[in-house]
There are 2 protein chains.
Amino acid sequence: MTKKGKKIPRIKDIAELANVSPGTVDRVIHNRGKVSQKAREKVLKSMKELNYEPNVMARALVSTGKFRIAALIPDPANDEYWEAPYQGVDQAETKMRQYGVVVDKFLFDQNDPLSFKEEASKISESDYHGILVAPIFYRESLAFLNRWSKQGIPFSLFNTHIPDYKPVVYVGQDSYQSGVLAGKLLHYACRQGTFVIAHIDKEIPNSTHLIRKEQGFIDYFGENDLQKQINIVRIEISEWTNKKDVYRKFDDLFQQYENIHGFFVTNSRSYIVGDYLINKNLQNIKLVGYDLLSKNLALLESGTIDFLINQNPRGQGFMGVTLLVDHLVFKKSIEPIKYLPLDIVTSENVQYYVDKI
Amino acid sequence: MTKKGKKIPRIKDIAELANVSPGTVDRVIHNRGKVSQKAREKVLKSMKELNYEPNVMARALVSTGKFRIAALIPDPANDEYWEAPYQGVDQAETKMRQYGVVVDKFLFDQNDPLSFKEEASKISESDYHGILVAPIFYRESLAFLNRWSKQGIPFSLFNTHIPDYKPVVYVGQDSYQSGVLAGKLLHYACRQGTFVIAHIDKEIPNSTHLIRKEQGFIDYFGENDLQKQINIVRIEISEWTNKKDVYRKFDDLFQQYENIHGFFVTNSRSYIVGDYLINKNLQNIKLVGYDLLSKNLALLESGTIDFLINQNPRGQGFMGVTLLVDHLVFKKSIEPIKYLPLDIVTSENVQYYVDKI
DNA sequence: TTGTACGCGTTATCAG
DNA sequence: CTGATAACGCGTACAA
């Protein structure tokens, strides 16, 4: 297919072929200014004939420093979970600097809606050409998304989807499908017995993520008509910082169901279940969780955690910025939803997922 | 860390600070031409002070069309396995065109060393600035690698490693570790019984890949002191195109060992085992293989194949080109070996690995 | 409505 | 040994 030795056509070449000036070609390409019908047609014809594609670099070189993007994400200092997305944004930042794009990070405390509002306000006051935001506070976020929509500032969403105001793209997790996958992984090891869905978070009912994961897990068994063999129960632990409390809850659980064969922890805190299993010396109980936090990794190595489901959080941060830039600077058309692969991580392949994008 | 509003320092800025001309700064940066000791020191000092980083785009803009790369890979028309790497190269090709790099593909028949030599000769005769090669014929490859080394043409290796002549980078599979992983996956489902390592290829003793995979698999069980519970046997099928022959071999195997619980197929032909299992209506036998070929995918969906290990072949083709360009054009320093993640693919997450890079 | 000239940051060339 | 200057392809302000 590739034609060797052919020179890449430039705007100037099109201009010559169409007997107009480069300026006119430019006007046709960008639909700006006035162009006579005749000229426009000639130019379009020549463009097709030469199979013109703009030179991204030359374009970017011209517009150096003209694009400013704001990233509004939780401060990783407060929660290791946000470390990876932060790094992803950071990485995209340095890459995009090359293209004349400046990315400024605005960090808020994921336990403090006020700090979110503060940082969001800062962004609104400066003028940015695009915004990447992790809208984890629904109400507070809505207000700003509304505002930015009216101002005509494009934004992309990350981690949490709020479709009300059309984002350029949502980059995040496919929660439901990850639950289905978790079901498969436990069922693969264990054809009968009781599986526990463990929600370990402050605000469980509010967290649509967790609910969707649960639904996916349940549907896996439902669809496969396996209900007779498999018993599924759920446990909610909102005060997970209180160890005694947590242990008491688990003790109760194990008294109530004697044939527990597996746990599915619906967020990154599977290490809490892992600690309990080790503490009580419970063997042969399968454990599937999420995210490559250091505590989880240790338990993965030791074999207490069998699988961690990982949706490349660093890649998510990276893609969030990258796709926004693609839309903004390079005018590419973007799919409205971007899921990264649901990676299955075990101690045998974890090396490839840590510290990589 | 990011200083907002700061302008990115240019060569010109360094020149001014150091009281020299941009030309001199350029000479210092690239170690070319003669520069007085005094001038060199001043420039280096200014560079550090301003924290200079070259502008990739401006650099690439200058050298448009000056870099030509050849990719010497098997023709996907003869084997679906090579489809993905081909696409990866293709994708890199279009991306790199933007940077003024031209990539020409040279395809050979992976069953015909002669075609390899022919294409390689073509490359040697034209003058390319870099070469990506899948050196699947050891002897034939050596000759050309030697030649290119003497000519000073950098090359990177892909799929098969030949360390004799230093490549820029080897991009490929971590065969041993993938075998370890396969062991984990079978063992996770099945704590005792017989596992079969199935080599299905024309030239098994010659194929170091297959041997390494086997070793990894065995070592997984060895290291974990599980020999008493698990029995490992191996089968070699070189004439895999003859169905009757294949079936007879499997029949013999099942007669000899009555408690076979799992198969590990060491290359992309796990569909052959899958077909057999379906044909003989053998249930509850675990099957782990490699690569997302269409036949494998069908069996993955239907549940006959449990897991496919996938090392992003499209990504490998892509990285092969990309890293070579990074070295050649952008003068980045490259790690000599690049493994892509060993992805565990099941019917529940396969959607994210098909048609993506 | 159309054409022209300059600048973006880097590199290569040529004159000093 | 060093400095000035013209490209690279595109966008844009300004002139016609």
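Per chain, numbering begins at 1; letters A, B, ... match sequence-line order.
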Has Lys117(A) got its NZ or CZ under 6.0 Å from the middle of the six-membered ring of Phe144(A), at an angle within 45 degrees of the ring axis?
-> no
Aromatic Tyr86(B) / basic Lys105(B) pairing, under 6.0 angstrom, 45° off normal = yes
Given [options], identify the nucleotide with an atom nearest to the side chain of [X].
X: Val62(A); options: dA12(C), dG11(D), dT2(C); answer: dG11(D)
X: Thr24(B); options: dG3(D), dG9(C), dT2(C); answer: dG3(D)
X: Val20(B); options: dG3(D), dC10(D), dT11(C); answer: dG3(D)
X: Ile11(A); options: dC8(C), dC10(D), dA4(D); answer: dC10(D)
X: Arg59(A); options: dG11(D), dT2(D), dT1(C); answer: dG11(D)

Between [atom2] of [N] and [atom1] of [X], the distance in whole Å:
X: Met57(B); N: dG9(D); atom1: CE; atom2: P; answer: 15 Å
X: Asn31(B); N: dC1(D); atom1: CG; atom2: C1'; answer: 16 Å
X: Arg10(A); N: dC10(D); atom1: CZ; atom2: P; answer: 8 Å
X: Glu53(B); N: dG9(C); atom1: CD; atom2: P; answer: 15 Å
X: Tyr52(A); N: dG11(D); atom1: OH; atom2: P; answer: 6 Å
X: Asp13(A); N: dG9(D); atom1: CG; atom2: P; answer: 8 Å

Using a distance-only test with no angle check, is there a side-chain donor-acceptor pair under 3.5 angstrom linking Asp104(A) and Tyr128(A)?
-> yes
List the steps and the verdict of side chain to side chain contact (heavy atoms under 4.5 Å, CB included) for Leu142(B) and Tyr165(B).
-> CA-CA 8 Å; Leu142(B) 264 193; Tyr165(B) 303 93; 3.7 Å; yes
Name the nucleic acid region contacted by [X], choosing base, sugar-phosphate or nothing; use a 4.0 angstrom heavy-atom cut-off, strictly under.
X: Arg40(A); answer: nothing
X: Pro22(B); answer: nothing
X: Ala60(A); answer: nothing
X: Asp26(A); answer: base

Are any non-hydrogen side-chain atoms of Leu157(A) and Val169(A) less than 4.5 angstrom apart?
-> no
DNA chain C: 5'-proximal contact among Leu61(B) and Arg27(B) (nearest heavy atom) | Leu61(B)
Assert: residue with more 5' nearest nucleotide on DNA chain C, out of Arg32(B) and Ala58(B), is Ala58(B)
